[in-house]
Amino acid sequence: MLFTATLAVGACAGRVAGLVVEVVHARYPLLPVFEACRAMSEDGPLPFGQACVLPGVWAMIGATATLAGVTRTTVSLAVIMLSVPIGVA
């Protein structure tokens, strides 16, 4: 029960953080933090919702970080959780 709830809370928090960063990127695309996004698109910043900021990736990182903090198994858990998308693809 604690395992699944921790994953859900971490994923929600990560997704919200990813959405906030996506909105900040849409409003202020010339911030120095988003310089790599400008390098990907020579005509200017990428449109809202495309490949520069992916909230789903932020959700995965949030779930992994929250679960690692609760269970205190940081290295092994990070390897397992971050290898899941490789197995799915």
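Positions are given from 1 along the sequence.
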Practice task
Find out if a path of hydrophobic residues (ILVMFWY) with successive side-chain heavy-atom gaps under 4.5 Å connects Val21 to Leu31.
Solution key: yes
Exercise for the section: May I ask you to test the Val33-Tyr28 pair for a side-chain heavy-atom distance under 4.5 Å? Expected result: no
Handout entry: Phe34 vs Val24 side-chain heavy atoms within contact, under 4.5 Å
Key = yes
Handout entry: With sequence neighbours excluded, residues passing side chain to side chain contact (heavy atoms under 4.5 Å, CB included) with Leu7
Key = Phe3, Ala63, Leu67, Met81
Fill in the blank from the handout: Note: Arg15 and Gly56 closest approach over all heavy atoms is NH1-N, 3.7 Å
Practice task
Grab the two heavy atoms, one from Trp58 and one from Gly14, that are nearest each other, plus how far apart they are.
Solution key: CB-O, 3.2 Å
